[in-house]
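Take this structure first; my questions come after.
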Number of protein chains: 2
Amino acid sequence: MNRVGRAPMYQQIAEALRQQIADGTLAAGAQLPTEAELTDLYEVGRGTVRQGLTLLVNEGLVVPTRPRGYFVRKREPMVFRPQAEFRKRPYSVEMDAFVTEHSADGRSPRQMIEVAIMEPPQDIAKRLQLEDGQLVAVRRRIRWLDGEPFNLNDSYFPLDLVSESEILRPDDISRGANEVLAELGYRQVRALDELYVRMPTPDEARRLELGAGTPVAYHICTGYTENGQPVRVAVTVLPGDRHVITYERKREASEDAQ
Amino acid sequence: MNRVGRAPMYQQIAEALRQQIADGTLAAGAQLPTEAELTDLYEVGRGTVRQGLTLLVNEGLVVPTRPRGYFVRKREPMVFRPQAEFRKRPYSVEMDAFVTEHSADGRSPRQMIEVAIMEPPQDIAKRLQLEDGQLVAVRRRIRWLDGEPFNLNDSYFPLDLVSESEILRPDDISRGANEVLAELGYRQVRALDELYVRMPTPDEARRLELGAGTPVAYHICTGYTENGQPVRVAVTVLPGDRHVITYERKREASEDAQ
DNA sequence: CGCAGGACATTGTCCAGTCAATGCGAGCAA
DNA sequence: TTGCTCGCATTGACTGGACAATGTCCTGCG
């Protein structure tokens, strides 16, 4: 265990384990050597070994499970398809096949809904083009799959538009909140999606039961009516280890020349 | 300073600093107290203070700069718009405004291109529906902005389709590789985008100069011709701290009833 | 047989220290 | 003024220890 090379010892340890994970020596779900074993193997202090393991944990490759040891992480993402709200079925065979392949068949879904009326956070207010003091209704959802939290979804509506509608009731709206909004005269015809990638806040990590090294996608969708009025902002927090986000795109006739 | 509460000391330290960052006491770019100062302030060992700071680093909130200290991270994302390859201009005023607001005006772009012929990695081969042994051409690009690496973009083409075309030359193709492909008779009319969110590999971290706590979006775009043949797979690695990914969606007349 | 309790292996938290690496600025030299 | 060197503050790497927390598993009792 040559330490003169260059890289610090803890990085060498991490790299060796990373290799074994990459080439399959350590398969998904397999247990890594214990800290004690690595300490003996590399003839370093336990702190150094822990530093190396922490690196792998923060890369999302490995999960520490007290007091059983470290294990190689598994990844089996589910499809998240923002376009589905305007288009129930994919319109190309390629997309259809992809969704089918990563489907949630046989898994048991569940969700918790909570409704509140509040002053909007700044970024929401901006996207809804609200004046100071205007309130919003928010429907907060946590979605579960097989007893594990899967994603967070908060939908914001200007309170003016939805007061006294069923959007304010914390029940499942089977035909969708968008449909209710349409019935109220605010049919969305366009949406703007923004996707940010970052580490979760401690609060998000707690609610989604995220281990260290699990980043999230932060999806903000703003829905507009025909005349350009924003009527809904949906914020979804998607753990990176549990999702693939997909879109389908079509070239349009008018855009022919590039 | 109370350690009887519950949370370990290093988490309390992290939480206190996190608070100050959130409420603006520590603004973006500001310096945090040094390890020594925190050691005195909380009356704990240096190791404990470092454990707390490491937490913040891995959350992407803070950047350690040896030997100057720890600083609050800045975030100024640039727009990445996959739809742009089929549609140069956004078609709604909302999207147009958003792109303008986050534009790269005045920044100096640069890119390095490298071309290779290789056996495709498995995930690429699968998306291009290649048989065993079929080769691909790959155009690897690193894009820079203001001297900082911005993203990695590798485009794969079945070698059969592009041999002897200018796609194999490591030059900038001003009209776009897609246009060349179209001239060769493989005009893409549909694309499937997949977005994965994860921590970077050490190699990606090195090439993109990513600090700890910076996740990446892994964008895989598969382009299809009219008859459903996949002719291009583009893999883009986007550092989370430097990008927003946006899409624009339209409800279509035929999808009226949800 | 079933269950309660305890031993054990393993990671989590924390301490007190050493020496290395490095960017910056003060101060000196040309 | 300009340029170079060197000291210094600060983080990085690492040691070797102690005790806590917590699933697992085995033992033994009822």
Side-chain angles (χ1 to χ4, degrees), chain A residues 1-17 26 29-59 61-73 202 205-206 209-213, chain B residues 1-17 26 29-59 61-73 202 205-206 209-213:
Chain A
M1 305 305 139
N2 157 28
R3 77 173 57 191
V4 298
R6 249 176 343 274
M9 209 51 207
Y10 77 97
Q11 287 178 18
Q12 291 184 39
I13 297 173
E15 182 51 32
L17 292 169
L26 287 166
Q31 178 169 12
L32 274 65
T34 66
E35 292 177 359
E37 286 165 0
L38 291 169
T39 303
D40 292 348
L41 180 57
Y42 289 95
E43 294 171 354
V44 295
R46 182 174 164 228
T48 305
V49 165
R50 279 179 69 80
Q51 225 179 327
L53 288 166
T54 301
L55 216 68
L56 298 180
V57 169
N58 285 323
E59 283 171 18
L61 287 177
V62 151
V63 181
T65 318
R66 185 162 69 159
R68 297 198 294 119
Y70 292 82
F71 295 84
V72 181
R73 187 166 196 165
R206 191 179 42 74
E209 294 173 18
L210 301 177
Chain B
M1 327 289 165
N2 159 25
R3 78 174 55 193
V4 296
R6 249 177 344 276
M9 209 50 206
Y10 77 97
Q11 287 178 16
Q12 292 183 39
I13 298 173
E15 182 52 30
L17 292 169
L26 287 167
Q31 180 171 11
L32 274 66
T34 65
E35 292 177 359
E37 286 166 0
L38 291 169
T39 303
D40 293 348
L41 180 58
Y42 289 95
E43 294 171 354
V44 295
R46 183 175 163 226
T48 305
V49 166
R50 278 177 70 81
Q51 222 179 331
L53 287 167
T54 301
L55 217 71
L56 298 180
V57 169
N58 285 323
E59 284 171 17
L61 288 177
V62 152
V63 181
T65 318
R66 186 164 69 155
R68 297 198 294 118
Y70 291 82
F71 294 84
V72 181
R73 186 167 199 164
R206 192 178 41 75
E209 294 173 16
L210 301 177

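Throughout, protein chains are lettered first and strands after them, A, B, ... in sequence-line order, and every chain is numbered starting at 1.
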| field | side chain to side chain contact (heavy atoms under 4.5 Å, CB included) partner of A:Val72, chosen from A:Leu17, A:Leu56, A:Val63, A:Leu32 | value | A:Leu32

| field | Between C1' of D:dC14 and OH of A:Tyr42, the distance in whole Å | value | 17 Å

| Given side chains that start at C-beta, do those of A:Val57 and A:Tyr70 come closer than 4.5 Å, heavy atoms only? | yes

| message | To check you understand the geometry: which heavy-atom pair defines the closest contact between A:Glu59 and B:Pro202, and what is its length? | response | OE2-CG, 4.3 Å

| task | Report the residues that fulfil salt bridge (Lys or Arg N to Asp or Glu O under 4.0 Å) with B:Glu35, sequence neighbours left out, ordered by chain and then residue number. | result | B:Arg46, B:Arg50

| query | So, B:Gln11 side chain and B:Leu55 main chain: donor-acceptor pair closer than 3.5 Å or not? | reply | no

Could you list the protein-to-nucleotides 7-12 of chain D atom pairs, N/O on both sides, closer than 3.5 Å?
residue : atom : partner : partner atom : Å
D:dT10  : O4'  : B:Pro67 : O            : 3.3
D:dT11  : OP2  : B:Glu35 : N            : 3.1
D:dG12  : OP2  : B:Arg50 : NH1          : 3.2
D:dG12  : OP2  : B:Tyr70 : OH           : 3.2
D:dG12  : O4'  : B:Arg66 : NH1          : 3.0
D:dG12  : N7   : B:Arg46 : NH2          : 2.8
D:dG12  : O6   : B:Arg46 : NH1          : 3.2

| Within a strict 4.5 Å, meaning less than it, do heavy atoms of the B:Gln12 and B:Glu15 side chains meet? | no

| field | Length of the line joining B:Glu43:CD and C:dC15:P, which is rounded to integer Å | value | 11 Å

| Over how many whole Å does the gap from A:Asp40 atom CG to D:dG16 atom C1' extend? | 14 Å

| task | Grab the CD-C1' distance between B:Gln11 and D:dA21 for me, whole Å please. | result | 14 Å

